[in-house]
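Chain letters run A, B, ... following the sequence lines, proteins first, then strands; residues in each count from 1. We use all heavy atoms of the structure for the numbers below, so side chains are in, but hydrogens, waters and symmetry mates are not.
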Amino acid sequence: MTPPSTLPGLSVALSRTRELAERRRRFIPVSMAGLVLVLLFAAGSARYTGFLEPQVALNLLVNNAFLIVLAVGVTFVILAGGIDLSTGSVLALSAMICAWLLREGWPPVLVIPAALLSGVVLGAAQGCIIHFYGVQPFIATLGGMFFARGLCYLISTESIPITDPLFGALAQTRIPLPGGTSLSVGAVVALAVAGAAAYVLHRTRFGRSVYAVGGSESSAMLMGLAVGRVKVGVYTVSGFCAALGGVLYTFYIASGNSLHGLGMELDAIAAVVIGGTLLTGGFGYVLGSVVGVLTLGTIQTILVFEGTLSSWWTKIVAGALLLVFILLQRALAPRSAR
Amino acid sequence: METTAEPAVHMSGIVKDFPGVRALDGAGLRLDPGEVHALLGENGAGKSTLIKVLTGVHPPDGGRISIGGRPADIAGPLDAERNGIATVYQEVNLCPNLSVAENILLGREPRGRFGISPRRMNRRAAELATGLELDLDVTRALGDYPIAVQQLVSILRAIDLDARVLVLDEPTSSLDRDEVRILFDLVERLRSRGVAILFVTHFLDQVYELCQRMTVLRNGRLVGEFATAELDQRALIGHMLGEQAGELDRVEERAHREAPPPGTEPLLRARGLGRSGGIAPYDLDIAPGRIVGLAGLLGSGRTEAARLLFGADRPDTGGVHVDGRPVPLRTPRAAIAAGLAYCSEDRKAEGLVADLSIADNLLLAMQAARGWMRPLPAKTRSELVERYIRALRIRPAAPDTPAGSLSGGNQQKVLLGRWLIMQPRLLILDEPTRGIDVGAKAEVQRLVAAQAQEGTAVLFISSELEEVLRLSHRVVVLRDRRVVNALDNEGDLDMDRVLAEIAEGGAQ
C-alpha cells in the first residue's frame with residue numbers, strides 16, 4: 001500500500017525518524033537508563049518534600065563514589081566480553097591494606113600507592129591467567145575473589161580503625177559548589193575516573209580495541225589488534241579501579257574490615273547492565289554505568305525518605321530493573337545474534 | 001611470459017604438521033605483482049593451511065617464504081600486514097558492533113589533538129569508499145549491512161593497509177550474482193594497480209573469468225602451476241581430484257536410473273504451510289525414495305520452507321501429514337520423532353560441535369533420541385562410528401579427531417552422517433555442498449542418491465542449480481518467498497527452463 005499522497009511530508013518525516021532511530025539504536029539502552037533515573041527522581045520529588053534539593057542529587061555521588069569507580073572498572077571488562085567477580089574482595093583488600101599499613105605507621109602517601117598496587121597486581125594476574133591459560137573469566141575471577149578475601153583475613157580477622165589525620169581530612173573535605181552545595185573528594189575522584197575512562201574507551205587505540213575484542217575476539221585477532229594486551233589490560237584496569245574504590249571506601253567508612261564490600265562485585269555488575277552495557281560485550285558506555293550506579297542509589301534514597309520500608313526493597317527493585325534491562329537488550333540485539 | 005620483476009610472494013617446500021596430521025608436505029606458490037592467481041584443490045588439500053602460513057596464523061614447520069624477493073619470517077597476522085599481505089576471509093572477520101569507518105581503520109586510526117579523531121576517521125573511510133565507487137554510510141554499525149557489503153568493507157580495510165598482496169579466501173561463497181560482480185570489479189581495479197591477488201574459491205567458472213594463473217594442491221602437496229588459458233576445466237578437475245574424476249557423471253546416471261515410479265503414496269504431505277514474513281503458504285508432497293529439490297535465489301524462502309517442515313519455525317497456517325495422518329510438527333523434537341532429519345545450512349553455528357570428536361558428533365542425534373539415561377553400548381557405538389566413517393569416507397578416519405579440525409567437506413560429511421545414523425524417513429538437506437570442493441561435493445551427492453535409493457525421501461536445497469537438477473526427481477521453484485512452480489525431472493529438465501521460472505515464475 002502506498003501512503004496517502006496528501007501527506008508526502010509526513011511520510012518523509014516518518015521514514016527519516018525511523019532511519020535516525022535505526023542509526024542510533026546503540027544509544028537506546030543508555031538513554032533508557034537515563035530515562036529510568038529521571039523518572040525515579042521525578043517520582044521521589046512528587047512524593048517527598050525535600051527530595052528535589054540539589055544536595056540530595058549530589059549526595060548520590062558522594063555516597064556511591066566507590067561503587068561508581070568499581071562499576072567503571074567492571075565496564076571495561078564487560079565491554080571486552082569478560083566478567084570480573086573479584087572487585088568486591090579487591091576493594092576490601094585495598095581498604096584492609098590501608099588500615100593495616102597506617103596502623104603499622106607507614107605514611108599515607110606510601111599507603112595509598114601500595115593499596116592501589118595490590119589491585120593492579122591482582123587484576124593483571126587474573127588477566128594473564130585468563131589470556132595465557134584460556135581460563136574462563138568467571139572461574140579465574142571467582143578464584144581472585146576468594147584469594148583477595150582470604151588475604152584480608154590473613155591481615156586481620158578484626159576490624160582495624162583508621163585514625164590517620166590525612167585520611168580524616170580527605171574524608172571531611174567538601175568542595176563547595178554554587179548554591180550552597182558541595183561534593184566530597186571521593187565524588188570528585190569518581191567523576192574524574194569516569195571521565196578518564198570515557199576518554200580512554202573512545203579516544204585511544206586501547207579503548208577501541210576493547211570494543212573490538214568484545215564484538216568479536218577472533219576478528220580482532222585477525223585484524224592484527226593486540227588482543228592479549230587488551231584482555232590483560234581490562235582486568236588490570238578493573239583491579240586498579242577496585243583498589244581505588246577501596247581507598248575511597250576507607251574515606252567513607254574509616255576502617256579496614258574483612259567483611260567490607262561483600263557482594264559489591266554484583267552491585268557493580270548490576271549497575272553496568274542497568275546502564276545499558278551488553279553482558280556479551282562490545283556495546284555500552286561508561287556514562288551508562290554511572291547512571292546505573294545513580295539509579296541504584298536513587299532507589300535507596302527513596303527508601304530512606306519512605307522510612308518504613310525494609311532496605312531489601314533496594315535489592316528487589318534493582319533485580320526487577322535488571323531483568324527489564326536484559327529483556328530490552330535482547331529485543332535490541334542485532335538480528336544475527338539472536 | 002617473461003618477467004624481470006621479483007615475485008610478490010614465493011613459497012616453496014612448505015611443511016606444516018598438526019597433531020596427528022601432516023597438513024602440508026612440500027606445498028608452494030609463486031605470486032607475481034599485478035596478477036590474479038587462483039589457489040585450487042579439494043577440501044583438505046591444504047589451501048586454507050597454506051594461506052594461514054602466508055598470513056602468519058600458523059607458523060610453518062619447514063620451507064622457505066620470500067616476499068618481494070627478500071626472505072621473510074612471518075610471525076603473526078600483524079607481521080603479515082607489515083609485509084604488505086592483507087587477507088579477506090570467507091567469514092567476515094570484522095567487528096559488527098563497530099562502525100564501518102572503525103572497521104576499516106582499526107589499529108591505525110587517524111589521531112587529532114585529543115587522541116583518536118572520529119571526524120578524521122570518518123572522512124578518511126568515506127574517501128576510501130568513494131575512491132572505489134562504493135556507496136556507504138561509514139558512520140553506521142557494520143552489523144547493519146548485509147554480509148556482501150561487510151565483505152567489501154573487509155577489502156577496503158585490506159586496501160588501506162597499502163597491501164601489495166591481497167588474499168581472498170572464498171570471498172564469493174555467500175554473495176549473490178550482482179554482489180560477485182561488484183567484488184570482481186574491485187579486484188580488477190586493484191590488479192591494475194599492481195596488487196598481487198591470491199584467489200581461493202570453489203567456483204571454477206569464477207577462476208576462469210578472473211584469474212591469469214593457478215596453483216593446484218592435492219593432499220598437502222603442490223601438483224603444479226598452470227596458466228588459465230592453457231588448461232581447460234575438465235583437465236583442471238582431473239588435477240584436483242587425481243584419479244577420482246568422473247565420479248560426478250556416475251552420480252547422475254545412478255540417480256536417474258533408479259528413480260522410483262511417480263505416484264507412490266507420499267510420505268509427507270504439506271498443505272498450505274506458511275508463515276508470515278517467512279514464506280507464503282505452499283503445498284509439498286514427498287514420496288519415499290524421491291528427491292525433491294528446492295531451487296531459487298538466496299533469500300527466496302528455501303530455508304524458511306524447510307524450517308517450517310522441521311518445526312524449527314512455527315507455521316501460521318496449514319499443516320503436515322506424515323503417512324496420511326496429521327502430525328503437529330511444532331518442535332524439531334516432534335519432527336525427529338516423526339522420522340524427519342534436518343541438516344542445517346550453517347554447519348558451524350547450528351550443527352557441528354567443534355570441540356567434540358568425530359564419533360561424538362556422529363552419535364549426537366541418536367543419543368539425544370534415545371534419551372541421555374540410556375547410553376549406547378560401547379560396542380554399538382564403535383561399530384556405528386566405524387561403519388559411517390567408512391561409508392562417508394571421512395578423513396582423517398580417526399574417530400577421536402576433534403570435528404573442528406576437519407576440513408569443510410569432511411565436517412559436512414560428519415553432519416550428514418549424524419542424521420543418516422538415525423535412519424530418517426525424510427532427510428532435509430539445506431545447502432549440504434556449500435563451501436566444499438568438487439570431490440567432496442561428488443561424494444555428498446553420491447550419498448544422497450544412495451540414501452534415496454534405499455527408500456529415504458529427501459528434500460534437497462542448493463544454490464547450485466546444476467546440482468539440484470542432477471539429483472532431484474522433482475524441482476520446486478521459489479521466488480520472493482513464494483513457491484512459484486514445481487517441475488518434474490525425468491533427467492530431461494534443462495537449466496534454462498528452471499532459470500526462467502526463477503526469473504519470471506509467478507509474475508502476473
Of the options B:D169, B:V167, B:L166, which is the one that meets B:V88 in a side-chain contact (heavy atoms from CB on, under 4.5 Å)?
B:L166
No-hydrogen, no-angle side-chain donor-acceptor test under 3.5 Å, B:T139 and B:N122
no
Distance alone, cut at 3.5 Å: any donor-acceptor contact between the side chains of A:T75 and A:T277?
no
If one checks every heavy atom of B:L98 against chain A at 4.5 Å, the contacting part turns out to be side chain
Between A:E217 and A:K231, is there a salt bridge with N-O shorter than 4.0 Å?
yes
So, A:F27 versus A:Y285, ring centres under 6.0 angstrom or not?
yes
Could you walk me through whether B:R275 and B:E304 satisfy the salt bridge (Lys or Arg N to Asp or Glu O under 4.0 Å) test, starting with their C-alpha distance in whole Å, then the side-chain angles of each, then the deciding distance to 0.1 Å, before giving a yes or no?
CA-CA 9 Å; B:R275 176 184 164 94; B:E304 287 79 357; over 6 Å; no
Residues of residues 200-208 of chain A near chain B, each having a heavy atom less than 4.5 Å away
A:H202, A:R203, A:T204, A:R205, A:R208
Measure B:D79 against the heavy atoms of chain A and call it side chain, backbone, both or neither at under 4.5 Å.
neither
Hey, mind stepping through A:I83 and A:L279 against side chain to side chain contact (heavy atoms under 4.5 Å, CB included) and telling me if it holds?
CA-CA 8 Å; A:I83 193 82; A:L279 264 179; 4.1 Å; yes
Quick one: do the A:Y211 and B:N97 side chains pair a donor with an acceptor below 3.5 Å?
no
Under a 4.5 Å heavy-atom criterion, the part of residues 52-59 of chain B in contact with chain A comprises B:V57
For the residue pair A:S86 and A:Q126, confirm or rule out a side-chain donor-acceptor distance under 3.5 Å.
yes
Output the option from A:A220, A:S219, A:S218 having the highest count of non-hydrogen pairs under 4.5 Å with chain B.
A:S219
